[in-house]
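Everything numeric here is computed off the predicted structure, so don't read it as measured data.
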Amino acid sequence: MEHVTVYTASNVPAAASHPTINCLQWTEDGQLLFLTKTAVYILTPDLGIHFCNPSSATSVTKPRHASPRAIAPGWFRTVLELDRRSFHHWPSDSQDWDSLVTGSLDISIKSVVSSPSFVSADAGCVLAVVSTNLELSLWCSVKNQLAGQWIKLQDATSYLQSLAAAQTDSRLHQTLWTQIVCSSWSKQPDFDAIPPCVRDGSLLALGNRAGFILLLSFTREQGSSQYLEHIRTVDVSTQWITHMTWLPWASTGLNERAAILVYCTSDGTVGLVKITRTCHMEPGDSCTDPPAVLATNVSHTKSPICEADDRTITGLSFVEPRDMKPIVIIFRPGVVQLWTEESDECAWSGLRTLYLYRQDISTGSSMHYPPSGFMYSQEHDAIVLSLFDGTLHVLHDISSSPTVRPSMRSTEQSGFSSSDLSSVSRRIFIQIEGGAIPQEEMNRINGMASFGGFPIVCWAHEKSRSSDFSYKHDARHNSTLVVAKIHTEDSDDVILKMLFDVISMTKAGMLFVFAGTAPIHTLRPILHRLGQDGVLTRLHSPLLRTLQNLGGDFIKLAIPPRLDDSSSSPYTLFRENIARRLFGSDVLLQLRLKLAITDFCWRSVSSPEMRDEYGALARGLLSILSHHILGAFVQHIESVVHLLTRNDLPFVLRIVIQCMVPQAPQELSIEAQNLANKLTASFPTAEHEGALNAVQEQCPACGVAVPLEDIAVAACSNGHQWARCSVTSFILSTTMVRTCLGCTRKAFLPMASSPHRREREGRLETPETPAMSTCGTGRGWVVQELLEAVRRCLFCGNNFITLI
């Protein structure tokens, strides 16, 4: 039997949840969520992650018959475990039979959805979990999203009950209104503001038993136990809302975006709700505007996609072909329906119905099993769908004329048919399990998702016999997480094109921090392919040329001379504006992505000559990136010179000194000199000279003066070495630090994360009351606001984690 390239085959000792298309899904932090009966396994491949903690990295099980040239990624693993002892008792609210929840007999996890990244307090994702008791809860990581604890932020039942009480007086209707059946979290809308708006514009949609859709937003107000804000309620049906999915946001005007929320009801109806969000900003330079205000309008389309037919709907999602409007996918037993609205770009529109056929790979195979995942291949213009019985079904020619039977063009693509891919999935199952597998054994695929773009997929399977009706305890269930290649090899040209597209066509407002995607998630397809045996050696020259040609020199950003007075705190405006500049720039995004790829290549190649070339390129990129960051610091500090205190001067002068070195661009040095002149005019000479002496720190071990010669490492004359904060360049002599999971650079914890946390408006430092900061006392309010603004690494854009 021909062997298939398998990268990972790792055991997950848990009973998988009921198969759904979201049983295995990626978050925008680059983490894979595997939904089991009582827990959500959070798995993170180590591609692009150089932080290493041996106690948290899993040992990946290598298949006995895997290709010897396959380089397997390592995985970090942690678990979000549902507390089955704490649940709401619905009969205490209503004794009506309509409010009965049978899922309360054996409470487990029904579904989980992830927010965009950069939503939680540590700039990560928030998970919304719905249990079989129809309760919603919010979860997020505490310190270490890779292997640390995930805690429950809020049980939303009591909050939803308060909303239901304002809608109706009926106890039954209030109970049905509170019982959540499904959920879906939208992406971040990309408004026209440059740099992007810092407001979280994503919406969490909840479908309940009363036929209403609730639109909520996540809030991070300090000192509050309430994390949800009610935006709108939409009455769409008298039936249960069973499935929902968001289509991408589209521009409908200046600073206005609209998205379609597709929903399904228990009677088989599929309808549409249009949600429009408008970002109201004052005219002028967006960098100094007060915080944006988001307005929301909702309209329910009365003409449904599918009328009620009492047929079960087993899944709902969409794909987005190139140069075409999104296509809605409706899954029913044995049937897949496709719908897209009419437009000039589409070769077809309306509703198309495709009937699946049986793939005979095991005795229990059937096309009526529920779907367990799918992926879309742009190259083949096809959807690859997995069913619970382990079969794979290909829907061809999605953009032109959808069909389950391959056309002449598709037939020419050898090995890309439903029978071919189903045969591959069966071979992978036999290859991993080993030995002689009888035809009665079914490779049940509980969930499937793309790992790095087609043809590299990941799924979770479990061996089973459909004719065996004996009870199997949950503890005896064991799933296998598989990452494998199910089709032909990628050509070198495809890898280079993928690299070029990701770097040159990526926009910060569409993809990066405020839009919600972490670099390790964006670069996973590229890094996985580059990490395979022999690829970097073959592609060294063209890869180096591509990385060298994509990028630019220091670019001056236009900043008004000072922040104008407004209803918002000038300190808050400073924090939000500099965050927009540091993480909303397309240039900085491209530099970070290039630096991450270059650093990966430098670590992976074995040739000393190649390492030297990648090292030189990385140093150049790091220099340009540092100059951009320093420029943003200088320009924003210059706009608040009138607010600076004497405690701010040591840090500000450190920035000026770094900008005046011979290697700095002339434009940057000129701006730094202008800032220095303003400081001289604003502060007495003696105070200015005293602050200049404060630029030199003292060694925490021996007290000897440590000059600012290296922004990464501090060394005293007695040989003591200390790491420096990647944000402030101060010596790290405290345990209150955070570490970038990508490049391992460290930074002080912001004030809001320290044990000395104060009220937001009352914590700012004044000359009379020095603040207790995690980076020492008397550092000034500028340092504090910068530490809070930089919620991700300045140099690679990935999340910080706290190890202590």
[X] versus [Y]: any side-chain heavy-atom pair under 4.5 Å?
| X | Y | result |
| --- | --- | --- |
| T36 | Y41 | yes |
| T276 | E256 | yes |
| I398 | L338 | yes |
| V270 | P304 | no |
| D98 | T175 | no |
| S17 | N446 | no |
| S317 | I21 | yes |
| S251 | F191 | no |

Okay, side chain of [X], backbone of [Y]: is any donor-acceptor separation there less than 3.5 Å?
| X | Y | result |
| --- | --- | --- |
| W90 | N133 | yes |
| T269 | T265 | no |
| R171 | D93 | yes |
| Y357 | G334 | no |
| T132 | S108 | yes |
| Q179 | L100 | no |
| T391 | L387 | no |
| D29 | S117 | no |
| R257 | T278 | no |
| T340 | P326 | yes |

Crowding at [atom1], [X] (>12 non-hydrogen neighbours, <6.0 Å):
| X | atom1 | result |
| --- | --- | --- |
| H173 | NE2 | no |
| D169 | CG | no |
| K152 | NZ | yes |

Regarding R792 and the six-membered ring of F118, is the cationic atom NZ or CZ under 6.0 Å from the ring centre and inside 45° of its axis?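 Geometry flag: not set, cation outside 6.0 Å or 45°.
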
Consider only side-chain N and O atoms of [X] and [Y], and report whether a donor and an acceptor are under 3.5 Å apart.
| X | Y | value |
| --- | --- | --- |
| Q226 | Q154 | yes |
| D122 | S141 | yes |
| S99 | W97 | no |
| E135 | S131 | no |
| R232 | T296 | no |
| E229 | T219 | no |
| S399 | D381 | yes |
| Q337 | R352 | no |

Considering non-hydrogen atoms only, spot the tightest contact between [X] and [Y] and give its length.
| X | Y | value |
| --- | --- | --- |
| C125 | S115 | SG-O, 3.4 Å |
| S120 | F218 | CA-CE2, 4.5 Å |
| G201 | W249 | O-CZ2, 4.3 Å |
| L138 | V126 | CB-CG1, 4.3 Å |
| R791 | A121 | NE-O, 3.6 Å |
| Q25 | V112 | NE2-O, 2.7 Å |

Which distance, rounded to the nearest 0.5 Å, do you find between the [atom1] of [X] and the [atom2] of [Y]?
| X | Y | atom1 | atom2 | result |
| --- | --- | --- | --- | --- |
| R405 | S417 | CZ | OG | 10.0 Å |
| L214 | I231 | CG | CD1 | 11.5 Å |
| S202 | L216 | OG | CG | 11.0 Å |
| S349 | W339 | OG | CH2 | 9.0 Å |
| T301 | I260 | OG1 | CD1 | 6.0 Å |
| W459 | L24 | CH2 | CG | 11.5 Å |

Assess the residue pair R358 and D389 against the criterion (salt bridge (Lys or Arg N to Asp or Glu O under 4.0 Å)); give the C-alpha distance rounded to whole Å, side-chain angles, the decisive distance to 0.1 Å, and a yes or no. CA-CA 10 Å; R358 183 175 183 269; D389 64 345; over 6 Å; no

If you measure from the Lys or Arg side-chain nitrogens to the Asp or Glu carboxylate oxygens, is any gap between K187 and E28 under 4.0 Å?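 Salt bridge flag = yes for E28 with K187.
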
NZ/NE/NH1/NH2 to OD/OE distance under 4.0 Å, E341 and K325: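 Yes.
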
Walk me through whether I445 and S372 qualify under side-chain contact (heavy atoms from CB on, under 4.5 Å). CA-CA 7 Å; I445 295 181; S372 56; 3.5 Å; yes

With ring-ring contact (aromatic ring centres under 6.0 Å, His included) as the criterion, how do H487 and F416 come out once you've worked through the C-alpha distance, each side chain's angles and the decisive distance to 0.1 Å? CA-CA 7 Å; H487 198 44; F416 192 72; 5.5 Å; yes

Go through the steps for L153 and W139 under the test side-chain contact (heavy atoms from CB on, under 4.5 Å), then give the verdict. CA-CA 5 Å; L153 291 176; W139 300 71; over 6 Å; no

Passes ring-ring contact (aromatic ring centres under 6.0 Å, His included), H300 versus Y263? Steps please. CA-CA 11 Å; H300 179 210; Y263 68 90; 5.8 Å; yes

Show the numbers, then the answer: is there a side-chain contact (heavy atoms from CB on, under 4.5 Å) between L272 and K274? CA-CA 7 Å; L272 305 174; K274 183 179 180 180; over 6 Å; no

Applying side-chain contact (heavy atoms from CB on, under 4.5 Å), run through K37 and D106 and close with a yes or a no. CA-CA 10 Å; K37 186 175 180 180; D106 184 18; 2.8 Å; yes

